[in-house]
Every structure is written in C-alpha cells, then in structure tokens.
Amino acid sequence: MAPKTGEMLHLRGNTLDKGEPVALPLTQSSMFHLPGAPDGHDFYGRVNNPTWEHLEHVLAHLEDAPCLSFPSGMGAISAALFATVKVGTRILIPSDGYYVTRVLADRFLSHLGVSVTERPTTTFAEGGFDGFDVVFVESPSNPGLDMMDLPAIASAVRTAGGITIADNTTMTPLGQRPLDMGIDVVVASDTKAMGGHSDLLMGHVASRNVQILERVEEWRRVSGAIPGPHEAWLLHRGLETLDVRFDRMCSSAQVLAERLAGHAAIQSIRFPGLRNDPSYALAKAQTARFGFLLSITLDSEAKAEEFINSCPMLRPATSFGGVHSSAERRARWGDDVNPAFIRLSVGCEPVEELWQAIEASLNAL
Ligand SMILES: *Cc1c(COP(=O)(O)O)cnc(C)c1O
C-alpha cells in the first residue's frame, strides 16, 4: 500500500505536549541521565539516540515495516549481509548492480567461507535459485536500469528455502515496495533521493522478519556502525519533502526521456517509463513511478564528457537523487558499459529550464 506521506509529516506533531518544539530536536549526547536501574531508558549513544529513533519511526511509516538506520547505504548493506550469512552460506548477487556490494562480497564475505555467485540482472528471470541461502537483488539495476520480476523471485527463493534482500535505493519506498512483493529485507542508501540534498550519507534496513531485524540491530550495536545524530536529523528533514521532490523528479524524467529519445545526438536511451524500453512491462507492473534516473549513450566518450561538463544544469558528479540534476560517464569507474554511456539523475529544476539547457548543450556538440 502507498505510504501516507501526510500522516508521516504529523507523526511527531500528534504526540507533542504543550510548549514542545514542532521541529525534531537534534540530540547530540553520548550519555543519558540514568540513576538506578536502566529499565528501558536510553542509556548510551551507541545503542540509543532519540533523533535516530524518530527518524526510524518515519522510515518505518514509509516502508510499512520496522527500520534500522545506518551511517551509509553500504553500512546498511553490510549489516543485512553480516546478519544473514555464516560459513558455508551461498549467496547470489547481480553482476551488474551497485559495484561496492560486489566488492564487499568478493573481498570480505568470500574470505569468511561464504560462496558468492554473480549473475547478470536479466538472467534472474530464468530462476535457478536452488541451493542459495541469500539472493540479493537490485531492480532497476544501477546503472543499467534493467528490472527483475520481484514477486516471482521472492516466491521462488522462498520455495527453495532462501531469503531475499532487495536494494531499493533507486526507487525509494514511494516508487517501489519490495516488502509488499514478498522480499524479506529491503536495504537502501538514503544518501540519494531520500536525503535528497547531497549533504549527507545515510542508509537503512527494513524488514518484517523479526529474527532478521534483531540480528541487524545486534550487528549495529556491536560493530558500532551507528548513524551520527546530526546526519539522522538532516535525513529526517529531507524526508519531509521526499514526496514533492520525488514527484517532480519522476515527472521531469518522463518528459526529458521522451524528448531525448527523439534527439539526433542520442545513440540510445534507457528509461523504464518509455514504452519500448526493455524494463517497461516490469516497471508498469511493479513500480508506482518510473523513477528519476535515465541513461543516454552519445556518439563518443569525448562528446559525452563535453556534454556533461558543458551543460549548466548538470552537475558532473557521481551519486544521484539530489535536487540538482547530475550526470556522469559510468565507464570512468569501470562499470561494464559503453564509454559514451551517461547516467543522468533528474533533479528538481523546472523541467522546461532543464530541457532548454540540455537541448542547447546537445545541439552544441
Ligand atoms: C549509492 C548506492 C549504495 C551505497 O550507498 P552509500 O550511501 O554510498 O554507502 C548502494 N546501492 C545503490 C544502488 C546505490 O546507488
């Protein structure tokens, strides 16, 4: 069910006593006043913090599931993986998803006796999940924007006795709800659209599976991978405008994708909201919006660089999901894509202003 973002905005307000601040207070304290027995009170900053607790309340409202927040998306992904694997576990991850997740699996999990198998996103449709304890999915994939049939995968993996973890960073809970499709655990980088202002790193884990979430909480407490109260406060502030930002970004992405598809400088384009895109049918079935990420491939690496660096309304930067539109050539990080492939993250600029800048820069190439 779609999250009620109006209710989200009043979650705190409706619990206030007379004279309390309406805005969320930032609690920057490692110690809590604790005479006598601790009995359920906040007691130490690695374990409790009222600012994250309220942030998690808001995240839980968005995900319709209990949530734990982390100091980055990778902090959340590490927690979900370390909470679910042990020696002998077999995990399956996409070979074309977010690359640091693969590095974590290859450089750390595999050294601890976890067997890691990688497969391209599009082959997940063929099944073959028998023997895997953990299946990690990302849909749409970053940066290729290929999609997976999440309900089918969730049910096939469950039947085979495994659990599924979905990285939902690119869609946010407003765009796609993997838990409602049977996925066991959602992980996300809140550094991207959730925070939305390119001024923080954060992440979260959401799950309706109590045992898994308890392990994730224990991991956070003992590993010390806790969010800073200030970042938690900033993320909470960002979430208050997520609905309007996401709406603007997705609507603008649709307009831009349709116009870019007809522009002579574009060799190819991927956007799940274009009717002839390979992801269109799955996106239509599974997502509430088509997202704000699109990719275009130009004639050459040189033209791609010139476009990114000359367009006054595109920040040449890695990462995505901010209010400022941004773009980058993913091949510069070693992603297995055409050197002229550009990932474009559509921001909150008025769409006509954005299109005029993009069109003028493309025409000048
Ligand atoms: C950015 C990103 C991450 C990692 O998040 P950080 O906040 O940078 O640690 C994980 N998955 C996806 C899909 C991402 O885009």
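Whatever order the structure lists ligands and atoms in, that order sets their numbers, starting from 1.
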Of the protein's non-hydrogen atoms, which lies at the shortest distance from [atom], and what is that distance?
atom: atom 13 (C) of ligand 1; result: Asp167 OD2, 3.4 Å
atom: atom 9 (O) of ligand 1; result: Met74 N, 2.8 Å
atom: atom 3 (C) of ligand 1; result: Tyr98 CE2, 3.3 Å
atom: atom 15 (O) of ligand 1; result: Lys192 NZ, 2.7 Å
atom: atom 6 (P) of ligand 1; result: Gly73 N, 3.3 Å

[X] neighbourhood, listing ligand 1 atoms whose heavy-atom distance to it stays under 4.0 Å:
X: Thr169; result: 11 (N), 12 (C), 13 (C), 14 (C), 15 (O)
X: Phe320; result: 15 (O)
X: Thr191; result: 6 (P), 7 (O)

If we only count heavy atoms from C-beta on, is the Leu256 to Val346 side-chain gap below 4.5 Å? yes
Heavy atoms only: which of Leu293, Leu201, Val100 lies closest to atom 8 (O) of ligand 1? Leu201
Would Thr170 count as a contact residue for ligand 1, given that I'm defining contact as a non-hydrogen atom of the residue lying under 4.0 Å from a ligand atom? no
Drop me the distance from Leu294's CG to Glu258's CD, to the nearest 0.5 angstrom. 11.5 Å
When rounded to the nearest 0.5 angstrom, what distance separates OG1 in Thr5 from CG in Asp243? 3.5 Å
Quick one: are the ring centres of Phe271 and Tyr280 less than 6.0 Å apart? no
Looking only at distances, can you tell me whether any N or O atom of Gly75, backbone or side chain, sits closer than 3.5 Å to an N or O atom of ligand 1? no
Can you find an N or O of Ser189 that's nearer than 3.5 Å to an N or O of ligand 1? yes
May I ask you to identify, for Ile77, whether its side chain, its backbone, both or neither come under 4.0 Å of ligand 1 on a heavy-atom basis? side chain
For a quick test of your reading: what N or O donor-acceptor pairs under 3.5 Å do the side chains of residues 170-197 make, sequence neighbours left out?
residue: Thr170; atom: OG1; partner: Pro140; partner atom: O; Å: 3.4
residue: Thr172; atom: OG1; partner: Leu174; partner atom: N; Å: 3.1
residue: Gln176; atom: NE2; partner: Ser139; partner atom: O; Å: 2.7
residue: Gln176; atom: NE2; partner: Asn168; partner atom: OD1; Å: 2.9
residue: Arg177; atom: NE; partner: Met1; partner atom: O; Å: 2.9
residue: Arg177; atom: NE; partner: Asp180; partner atom: OD2; Å: 3.2
residue: Arg177; atom: NH1; partner: Leu62; partner atom: O; Å: 3.1
residue: Arg177; atom: NH1; partner: Pro173; partner atom: O; Å: 2.8
residue: Arg177; atom: NH2; partner: Leu62; partner atom: O; Å: 3.1
residue: Arg177; atom: NH2; partner: Glu63; partner atom: O; Å: 3.4
residue: Asp180; atom: OD1; partner: Arg208; partner atom: NH1; Å: 3.1
residue: Asp180; atom: OD1; partner: Arg208; partner atom: NH2; Å: 2.8
residue: Asp180; atom: OD2; partner: Met1; partner atom: N; Å: 2.8
residue: Asp184; atom: OD1; partner: Arg158; partner atom: NH2; Å: 2.6
residue: Asp184; atom: OD2; partner: Thr164; partner atom: N; Å: 2.9
residue: Asp184; atom: OD2; partner: Thr164; partner atom: OG1; Å: 3.3
residue: Ser189; atom: OG; partner: Thr191; partner atom: N; Å: 3.4
residue: Ser189; atom: OG; partner: Thr191; partner atom: OG1; Å: 3.2
residue: Asp190; atom: OD1; partner: His204; partner atom: ND1; Å: 3.0
residue: Asp190; atom: OD2; partner: His204; partner atom: ND1; Å: 2.8
residue: Thr191; atom: OG1; partner: Met202; partner atom: N; Å: 3.2
residue: Thr191; atom: OG1; partner: Met202; partner atom: O; Å: 3.2
residue: His197; atom: ND1; partner: Gly195; partner atom: O; Å: 2.9

Judged by modelled atom types alone, do Trp233 and Gln28 share a side-chain donor-acceptor pair under 3.5 Å? no
Would you say the side chains of Ser325 and Arg315 form a donor-acceptor pair under 3.5 Å? no
Could you pull out all donor-acceptor pairs under 3.5 Å where a side-chain atom in residues 74-83 meets a protein atom, sequence neighbours excluded?
residue: Ser78; atom: OG; partner: Met74; partner atom: O; Å: 2.7

Name of the residue among Glu53, Glu56, Glu231 meeting side-chain hydrogen bond (donor to acceptor under 3.5 Å, both in side chains) with Ser69: Glu56
